[in-house]
Amino acid sequence: GLARTLDAIRAYSAAHGPFAGVLGFSQGACLAAILLAQAARGAPDAALPELSFAVILSGFIPADPELRPLFAEPIARPAILSSGATDFKREDTIALARTCFPAAAHIEHAGAHQVPRQTFGPAADAIRAFLHEQAGHLQAKSAQPSNVAASVPAPLFSREAVPAPSV
C-alpha cells in the first residue's frame, strides 16, 4: 500500500537523494502530487521533505479520505500538469490543476492516456522548458554543486541527448 511505497521512497532518498523534483504518470502522477503536497505542507512524515517541484502527467486527486487534507488548499510549489485530449484522466487532471495548482500550467497534448512525446510538440516542449526553469532556480539557490539532478530524460522527449544542467 501507500505506507510501504512511502517507506521505500524514504529509503531510496536516504541512499541516493536529496531530490528536488519528481515526475509521475497516472498512478505515479497521483503519488507525485502526494509527495509534493506533503513537502509543501511540512508534513512530519513527508517522504521527500526537500521536494520543490513536480511534473504531473495524467494525474488525479487521491480518493483516500485520509489524504484529502493534503489537497484541501492550493499547493504552493511549482508544478506542470499534462493530459491527452482523449485521456480518460483528462478531467481528473484538470480538476487537480484547478484545485491544487491554480498557478500551474495544464498542457493538453494530442494523445490519449500516455506520456507526451516529442511528436506531441508543445506539451513536450513546455515540460522541457519547465524542467530547465526549475534547474535554473535550483542553481540560483545553491552556489555549490550538489547531487540534485534536474535533467530531462532524453528518450522521453527526443532522439538526441539533452544535456543536464549542472546543479
Side-chain angles (χ1 to χ4, degrees), residues 2 5 9 12-13 16-41 47-48 50-63 67 70-141 148-167:
L2 180 61
T5 299
I9 291 169
Y12 190 85
S13 180
H16 304 284
F19 297 99
V22 63
L23 180 149
F25 169 71
S26 196
Q27 290 180 339
C30 180
L31 180 60
I34 291 168
L35 294 169
L36 193 61
Q38 286 180 332
R41 307 271 188 253
L48 297 174
E50 72 281 3
L51 205 61
S52 61
F53 68 90
V55 177
I56 298 171
L57 308 173
S58 299
F60 51 93
I61 296 172
L67 296 171
L70 287 173
F71 297 90
E73 298 175 6
I75 297 168
R77 298 282 167 101
I80 188 167
L81 296 88
S82 182
S83 58
T86 60
D87 189 341
F88 75 96
K89 285 293 182 188
R90 179 181 176 272
E91 294 304 318
D92 293 330
T93 304
I94 292 170
L96 176 62
R98 286 185 183 143
T99 303
C100 300
F101 301 101
H106 172 258
I107 309 298
E108 188 169 285
H109 59 76
H113 189 68
Q114 59 199 106
V115 173
R117 295 185 299 258
Q118 185 63 37
T119 55
F120 293 158
D125 293 343
I127 293 167
R128 182 185 299 111
F130 174 80
L131 289 171
H132 285 288
E133 178 183 348
Q134 296 311 308
H137 292 311
L138 292 170
Q139 196 166 28
K141 284 182 184 178
V148 176
S151 63
V152 180
L156 183 63
F157 295 106
S158 100
R159 294 182 193 274
E160 299 176 23
V162 177
S166 55
V167 182

Quiz item: How many angstroms lie between CG in Leu36 and CD1 in Ile75, if you round to the nearest 0.5 Å?
Solution: 6.0 Å
Quiz prompt | Closest non-hydrogen atom pair between Ile61 and Ala95, with its separation | solution = CD1-O, 4.4 Å
Quiz item: For the side chain of Arg77 and the backbone of Leu51, is there at least one donor-acceptor N/O pair under 3.5 Å apart?
Solution: yes
Quiz item: So how far is it from Thr99 OG1 to Phe101 CZ, rounded to the nearest 0.5 Å?
Solution: 10.5 Å
Quiz prompt | Inter-residue atom distance Cys30.SG - Phe25.CZ, 0.5 Å rounding | solution = 13.0 Å
Exercise. Could you please spell out the steps behind the side chain to side chain contact (heavy atoms under 4.5 Å, CB included) verdict for Leu2 and Leu31?
Key: CA-CA 9 Å; Leu2 180 61; Leu31 180 60; 4.0 Å; yes
Exercise. Identify the two heavy atoms, one from Ala54 and one from Phe130, that lie closest to each other, and give their separation to 0.1 Å.
Key: O-CE2, 3.6 Å
Exercise. Could you tell me whether a side-chain N or O of Gln114 sits under 3.5 Å from a main-chain N or O of Gly84, the two making a donor and an acceptor?
Key: no
Practice problem: Check His106, His109, Lys89 against Ser83 for a side chain to side chain donor-acceptor pair (under 3.5 Å) and give me the one that passes. | Solution: His106
Exercise. Would you name the heavy atoms of Ser52 and Pro78 that are closest together and state the gap between them?
Key: O-CD, 3.1 Å
Exercise. Please report the shortest heavy-atom distance between Ser82 and Pro116, naming the atom on each side.
Key: OG-CG, 3.7 Å
Quiz item: Taking all atoms of both residues into account, what is the closest heavy-atom pair of Phe60 and Leu96, and its distance?
Solution: N-CD2, 3.8 Å
Practice problem: Just do the side chain to side chain contact (heavy atoms under 4.5 Å, CB included) check on Glu50 and Ser13 with the steps written out, would you? | Solution: CA-CA 10 Å; Glu50 72 281 3; Ser13 180; 3.5 Å; yes
Exercise. Write down the atom of Gln38, the atom of Ala47, and the distance for their closest heavy-atom approach.
Key: OE1-N, 3.1 Å
Quiz prompt | Arg41 side chain near Glu73 side chain, heavy-atom distance below 4.5 Å | solution = yes
Practice problem: Give the C-alpha distance, both sets of side-chain angles, the deciding distance and a yes or no for side chain to side chain contact (heavy atoms under 4.5 Å, CB included) between Phe53 and Ile80. | Solution: CA-CA 9 Å; Phe53 68 90; Ile80 188 167; over 6 Å; no
Quiz item: Is the number of heavy atoms from other residues, nucleotides or ligands within 6.0 Å of CD (Gln27) greater than 12?
Solution: no
Exercise. Side-chain contact test, heavy atoms from C-beta onward, threshold under 4.5 Å: evaluate it for Arg90 versus Thr93 and give yes or no.
Key: no
Quiz item: Is any side-chain heavy atom of Ile107 closer than 4.5 Å to a side-chain heavy atom of Ile127?
Solution: no
Quiz item: Do Ser26 and His113 get their side chains close enough for a donor-acceptor pair, meaning under 3.5 Å?
Solution: yes
Quiz item: Testing Val115, Ile56, Leu57 for side-chain contact (heavy atoms from CB on, under 4.5 Å) with Leu23, which one passes?
Solution: Leu57
Practice problem: Find the distance between CG (Leu70) and CG (Leu35) and round it off to the nearest 0.5 Å. | Solution: 10.0 Å
